[in-house]
There are 2 protein chains.
Amino acid sequence: MGTASKALSLLNYFTRSTPKIGLSDLARHSGYNKATVHRLLSELARHGFVEQIGSGREYRLGPAFLRLAALRENAVPMRELATQTLTELSTATGETAHMSLLNGDVLSSFSYTYSTAHGTMVMMEDAEVLDLHATSSGLAVLAHSSSQYVDDILSAPLIKRTPETETDPDVIRAMLPGIRATGVAISIGGYEQDVHSYAVPVFDANSACIGAVAVATPVARMTDILGEQIISELTTRTATLTRLLGGFPPDTFPTFLQANPPQIGG
Amino acid sequence: MGTASKALSLLNYFTRSTPKIGLSDLARHSGYNKATVHRLLSELARHGFVEQIGSGREYRLGPAFLRLAALRENAVPMRELATQTLTELSTATGETAHMSLLNGDVLSSFSYTYSTAHGTMVMMEDAEVLDLHATSSGLAVLAHSSSQYVDDILSAPLIKRTPETETDPDVIRAMLPGIRATGVAISIGGYEQDVHSYAVPVFDANSACIGAVAVATPVARMTDILGEQIISELTTRTATLTRLLGGFPPDTFPTFLQANPPQIGG
DNA sequence: TTGTAGCGGTTCATTATTTGAACCATTGGT
DNA sequence: ACCAATGGTTCAAATAATGAACCGCTACAA
């Protein structure tokens with residue numbers, strides 16, 4: 001692994017629940033030498049990617065991300081388009097809709113919308129990291145990724161989030177062709193108990209899978225009829241979103257789920 | 001310079017006006033070998049910090065920044081506090097207020113608010129990079145930075161933005177003690193013609209200067225009375241903002257401009 | 001008070017990675 | 001058909017990263 005990758009991978013240890021990390025802690029978790037981590041953190045700090053809190057205390061993410069996120073959003077106004085689609089989706093289904101994006105090996109929550117139709121609702125967290133093996137979004141992504149990538153992910157230890165979480169790599173691998181064929185991934189209580197969710201993939205201009213859109217409901221509310229309605233709304237609206245983002249489904253993606261292409265000629 | 005720093009410095013070439021850059025272009029601008037740039041970009045891409053547009057085409061900033069910016073804002077809700085102060089400031093002065101933050105060597109626009117008091121107004125751009133030598137904010141930051149840092153900045157070529165831009169390092173260096181003494185930096189048409197601005201520094205918990213708050217007016221509207229009013233509002237409100245952000249002015253900062261400390265004891 | 005275990009940070013000989021000139025294969029313009 | 005770009009690759013030589021052991025410091029406990 002290159003040195004730059006090591007530095008960047010340190011950033012993955014900062015999460016919503018662990019916003020501040022000490023040098024020794026980070027060395028322990030990452031497995032790198034303390035001196036190495038210190039040097040990498042110093043370089044990250046020089047560019048504003050991390051900053052130290054007191055004098056000689058813990059580190060946290062720096063202000064540079066605000067600047068670069070603004071530039072990214074200026075170049076690719078994804079959030080705007082995504083949120084619009086999600087709003088329609090949660091309104092139409094009466095349930096929570098969310099979109100996740102793949103950042104390297106990490107799938108994270110990007111945007112979500114709630115419906116006011118019911119008293120109970122599946123709640124989401126901003127920038128939350130979603131397990132690829134334990135969420136419907138993760139499975140949708142895996143089903144449309146290279147077998148090389150799938151191997152990488154499934155060869156790492158798979159966390160058992162709930163008693164229902166499937167952690168056997170072979171069982172998960174066996175699920176993927178079915179997901180590819182139907183275009184829809186399902187997870188029932190695999191990530192959080194009592195949460196049922198359907199997810200479909202989103203593709204970029206190279207037909208690479210860049211994330212997923214999902215609708216999540218409390219398991220108690222799920223019925224065959226609701227499920228069919230959700231799948232219908234989810235597949236058509238997400239196909240449109242993919243096109244709005246400038247993406248194209250790959251040839252392997254079920255054609256009956258693709259958005260109508262603009263008529264050329266005619 | 002470390003390898004990680006080289007990778008991170010590549011990100012600085014992506015701007016609002018140059019959101020997409022090719023491999024050779026980036027190699028030329030950065031001065032690194034094309035093979036080096038290619039390897040660094042590949043590592044950045046692996047983590048979602050950049051992405052390629054077509055197949056074998058230009059690069060742009062990746063989606064990872066959206067995730068990390070959300071985590072940063074969650075850990076340090078700066079934007080919220082800053083925008084509140086800026087709103088008060090532009091309301092009180094009837095002019096444009098803005099805050100900039102230092103990301104390594106780069107000072108960039110972070111947040112800004114307009115007033116509706118006049119028909120003409122100084123406009124700002126999100127995430128715009130501000131020259132340290134040619135803006136009031138930049139001078140305020142330089143005046144409260146280490147002489148080592150000032151030397152680094154002033155030894156690089158200084159761009160002449162307007163006929164009024166001062167580009168002589170010695171002249172700029174000579175301005176800094178005065179800015180330190182008064183606590184306020186001024187720029188008249190040095191960055192954009194017909195723009196007059198006052199700026200004061202913002203400090204972090206280590207009393208390091210992390211950016212500046214400024215009020216910008218069309219030169220035609222500036223008077224002694226307006227100037228005094230702006231300086232008064234700017235200094236008191238920014239001192240309060242520094243404290244809200246958990247920062248402290250250094251001992252060298254004029255005490256008459258500091259926010260009242262909370263009374264300890266009795 | 002003293003002892004100890006942790007912290008962030010530093011050193012420097014050893015080691016592994018980065019580097020870059022020259023090289024492809026493609027693309028776009030003349 | 002040509003030329004001059006482009007993005008991408010190779011491999012010996014040069015350089016930077018590494019990590020065990022070491023500081024000085026703080027916090028807590030005996």
Residues that B/Thr165 engages under side chain to side chain contact (heavy atoms under 4.5 Å, CB included), provided they are two or more places apart: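 For B/Thr165, the residues satisfying side chain to side chain contact (heavy atoms under 4.5 Å, CB included) (neighbours in sequence not counted) are B/His133, B/Ala134, B/Lys160, B/Arg161, B/Thr162, B/Thr167.
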
In residues 74-82 of chain A, what donor-acceptor pairs under 3.5 Å come from side-chain atoms, sequence neighbours left out?
unit_1, atom_1, unit_2, atom_2, d
A/Arg79, NH2, A/Phe110, O, 2.7

Phosphate contact ([N] OP1 or OP2) by [X] side-chain N/O below 4.0 Å:
X       : N     : value
B/Gln52 : D/dT6 : no
B/Tyr59 : D/dG8 : yes
B/His38 : D/dG8 : yes

Side chain to side chain contact (heavy atoms under 4.5 Å, CB included) evaluation trace for A/His47 with B/Ser5: CA-CA 8 Å; A/His47 292 262; B/Ser5 284; 3.5 Å; yes

Base-contact (B) and sugar-phosphate-only (S) positions in nucleotides 15-30 of chain C, heavy-atom cut-off under 4.0 Å, - elsewhere: --SSBBB---------

Parallel, tilted or perpendicular, as decided by the 30° and 60° cut-offs, for the rings of B/His144 and B/Phe203: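 If you compare the ring of B/Phe203 with that of B/His144, the planes turn out perpendicular.
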
Nearest to side-chain heavy atoms of A/Arg28, which nucleotide of D/dT6, D/dG8, C/dC7: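 Output: C/dC7.
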
Stepwise side chain to side chain contact (heavy atoms under 4.5 Å, CB included) test for B/Leu10 and B/Ser30: CA-CA 7 Å; B/Leu10 291 181; B/Ser30 64; 3.9 Å; yes

Return the value, rounded to whole Å, for the distance between atom [atom1] of [X] and atom [atom2] of [N].
X       : N      : atom1 : atom2 : answer
A/Leu41 : C/dC7  : CG    : P     : 15 Å
A/Asp25 : C/dC7  : CG    : P     : 7 Å
A/Leu23 : D/dT26 : CG    : C1'   : 16 Å

Salt bridge A/Glu51-A/Arg60, side-chain N to carboxylate O under 4.0 Å: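 Yes, charged N to carboxylate O under 4.0 Å.
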
